[in-house]
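Below is one structure, written out as structure tokens; comments come after it.
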2 protein chains.
Amino acid sequence: MIRQSSVKPAPASPSPPLVVIVDDDPAVRESLDSLIRSVGLATRLFGAPAELLQGALPDVPGCIILDVRLPGISGLDFQDQLARQGIALPIVFMTGHGDIPMTVRAMKAGAVDFLSKPFRDQEMLDAVTSAIERDRQRRSATAALDDQRSAYATLTAREREVMTHVVAGLMNKQVAGMLGLSEITVKIHRGNVMRKMGVRTLADLVRTAEALGVHKP
Amino acid sequence: MIRQSSVKPAPASPSPPLVVIVDDDPAVRESLDSLIRSVGLATRLFGAPAELLQGALPDVPGCIILDVRLPGISGLDFQDQLARQGIALPIVFMTGHGDIPMTVRAMKAGAVDFLSKPFRDQEMLDAVTSAIERDRQRRSATAALDDQRSAYATLTAREREVMTHVVAGLMNKQVAGMLGLSEITVKIHRGNVMRKMGVRTLADLVRTAEALGVHKP
DNA sequence: GGCGCACACAAACCTAGGTATGAGCTCGAC
DNA sequence: GTCGAGCTCATACCTAGGTTTGTGTGCGCC
């Protein structure tokens, strides 16, 4: 996973959101390309899903426009494949011969929209806008978590144990008893946890732990 | 809202989940009724949506099976109406003449499934099972919040102010300065907050506040 | 073998949190 | 008007949290 948040404090990214267009028909690709570009969004075109998996995508908000019928693989299967690979870009489906079960499957799997060809330009733009907004939300949520995750990764095993018990509300002496330590040692670990996790108050630590899903086994 | 959690500690509800069936065709209703009952679920049948809104529903997990074509109102509009009225029962749609836009709209609005008639019994049972499970999750989530909400309601204005600042990580003296109080007064309010909210540690209070969405204005 | 790191602990010291007890004020309800 | 609730604050006392300084052990790595 690319972690720009801890590298660049606030690049105020001027690069526009990216719309990935996957369709085996060049005419459809071109047509969508000019539509999407006309509203100031960047595009990247692919004729087959495999091409998409090869190159890395830039680290900007975006979405995927996917034809259900693709060479070699169903768009719905490709959606699953992307999810398994951790590519969480929102997907807007389009299809010439769709049916209701397809639609249900796509939407259950998290698709933003499912458009039947022919669709109006505005329908597609609305779907894309909504998809990009969803991606923006997801990105800011995961970005916030990302620094916390890497901070948590720097904790030693003992420090994690102490943190777990501390955010559960135990007092230092209780933690000490539970781990077979002296209270002073717990205090030191606890101080290290606070420093490493980059928080100043217990309240912040508890929130961070909640976000990270840190719980007692 | 019915708060059983604080009234009955753990009734271990023996009553089965309830499936509400709304269809204007008596034959369809009867057929679904026997299907659903055959797996041990309770049912309630309605020929028109208005009937559903009149009587109160029992406080058990459940879901709604809704025909898209209903007398007087579209099932999709009825879905919106239910949402606006705070009825959060998951909905399984069925339809004889559905299309993709309908499906998309229903799924976007949170429908669990969208089945085209004719469907196999097992499809409906799977959808209902999934819907009931979703409702169970939602219910346990809101039930846990419910006691906390009512506890929060007993706080005085000052106590809420203090709580807000405390869970933000401020020290008593900082809260005192911010509210123009002495530190000892803050301590007293803080103690009242802990007692009224039914928590023993700051960690618990922070988690409760998070769940309740208590933040600084 | 020495270096760094995690781990453990102690003494000393300071700050923060928490709880009485007691007391004064205001305001709205009965 | 007085009674209760909410709000305020002081003194006193105790516990919990947190840091610094210093000491020591064991482990893996170069």
Side-chain angles (χ1 to χ4, degrees), chain A residues 6 147-210 212 214-217, chain B residues 6 147-210 212 214-217:
Chain A
S6 53
D147 288 353
Q148 298 178 331
R149 249 191 278 273
S150 61
Y152 185 72
T154 71
L155 297 185
T156 67
R158 259 293 192 251
E159 286 162 355
R160 283 178 208 185
E161 285 182 303
V162 171
M163 173 169 167
T164 300
H165 289 110
V166 165
V167 299
L170 297 187
M171 290 185 305
N172 287 337
K173 68 176 58 172
Q174 292 176 300
V175 178
M178 217 160 270
L179 298 180
L181 302 175
S182 77
E183 192 183 342
I184 187 72
T185 304
V186 173
K187 284 185 179 182
I188 292 171
H189 286 312
R190 183 174 182 153
N192 289 337
V193 168
M194 299 293 281
R195 187 176 40 76
K196 288 186 178 179
M197 294 302 293
V199 296
R200 277 179 48 264
T201 68
L202 176 59
D204 290 336
L205 188 68
V206 171
R207 267 186 288 270
T208 302
E210 282 293 290
L212 292 175
V214 173
H215 292 302
K216 279 190 279 196
Chain B
S6 53
D147 288 351
Q148 298 178 331
R149 248 192 277 274
S150 61
Y152 185 72
T154 70
L155 298 186
T156 67
R158 258 296 192 247
E159 285 161 357
R160 282 176 208 186
E161 284 182 304
V162 171
M163 171 169 168
T164 301
H165 289 110
V166 165
V167 299
L170 296 187
M171 289 184 307
N172 288 337
K173 66 176 61 171
Q174 292 176 299
V175 178
M178 215 160 274
L179 299 180
L181 302 175
S182 78
E183 191 183 343
I184 188 69
T185 305
V186 173
K187 284 185 179 181
I188 293 171
H189 286 312
R190 184 174 182 153
N192 289 338
V193 168
M194 300 292 282
R195 187 176 41 77
K196 288 187 178 179
M197 294 301 294
V199 296
R200 276 180 49 262
T201 68
L202 176 60
D204 290 336
L205 188 67
V206 171
R207 267 186 289 270
T208 302
E210 283 294 289
L212 292 176
V214 174
H215 292 302
K216 278 189 281 195

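Keep in mind it's a predicted model, so treat the numbers as computed, not measured. Sequence lines set the chain letters: A, B, ... in the order given, protein chains first and strands last, and positions in each chain run from 1.
- D/dG18 atom P lies 14 Å from atom NZ of A/K173, rounded to whole Å.
- Dashed line: the shortest gap from a side-chain N or O of A/N172 to OP1 or OP2 of D/dG17 is under 4.0 Å.
- B/E161 has a carboxylate O that lies under 4.0 Å from a charged side-chain N of B/R158, or vice versa, which qualifies the two as a salt bridge.
- Between the side chain of B/R160 and the backbone N or O of B/A153, at least one donor-acceptor pair lies under 3.5 Å.
- In this structure, CE on A/M178 lies 12.0 Å from OG1 on A/T164, to the nearest 0.5 angstrom.
- The heavy-atom pair separating B/A203 from A/A168 by the smallest distance is CB-C, 4.5 Å.
- Going from atom CG of A/L202 over to atom C1' of C/dG17 covers 12 Å, rounded to whole Å.
- End-to-end axis angle of the helix from C/dG1-D/dC30 to C/dC30-D/dG1, from C1' rotation axes over five pairs per end: 40° (rounded to 10 degrees).
- Looking only at side-chain heavy atoms (C-beta outward), A/E210 and B/R207 come within less than 4.5 Å of each other.
- Against DNA chain C, the stretch residues 176-201 of chain A makes heavy-atom approaches under 4.0 Å through A/L181, A/S182, A/I184, A/T185, A/I188, A/H189.
- Distance CG (B/L155) to P (D/dA5): 16 Å, rounded to an integer number of Å.
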_Run the side-chain contact (heavy atoms from CB on, under 4.5 Å) test on A/E159 and A/M163 for me, step by step, so that the C-alpha distance in whole Å, both residues' side-chain angles and the decisive distance to 0.1 Å come before the verdict._
CA-CA 6 Å; A/E159 286 162 355; A/M163 173 169 167; over 6 Å; no
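- Proximity of B/T156 to the phosphate of D/dC7: a side-chain N or O atom is located under 4.0 Å from OP1 or OP2.
- At most 12 non-hydrogen atoms from other residues, nucleotides or ligands lie less than 6.0 angstrom from CZ of B/R200.
- Across every non-hydrogen atom of B/L155 and B/M197, the tightest pair is CD1-SD, 3.9 Å.
- We find that CZ of A/R160 is positioned 10 Å from P of C/dC7, with the value rounded to whole Å.
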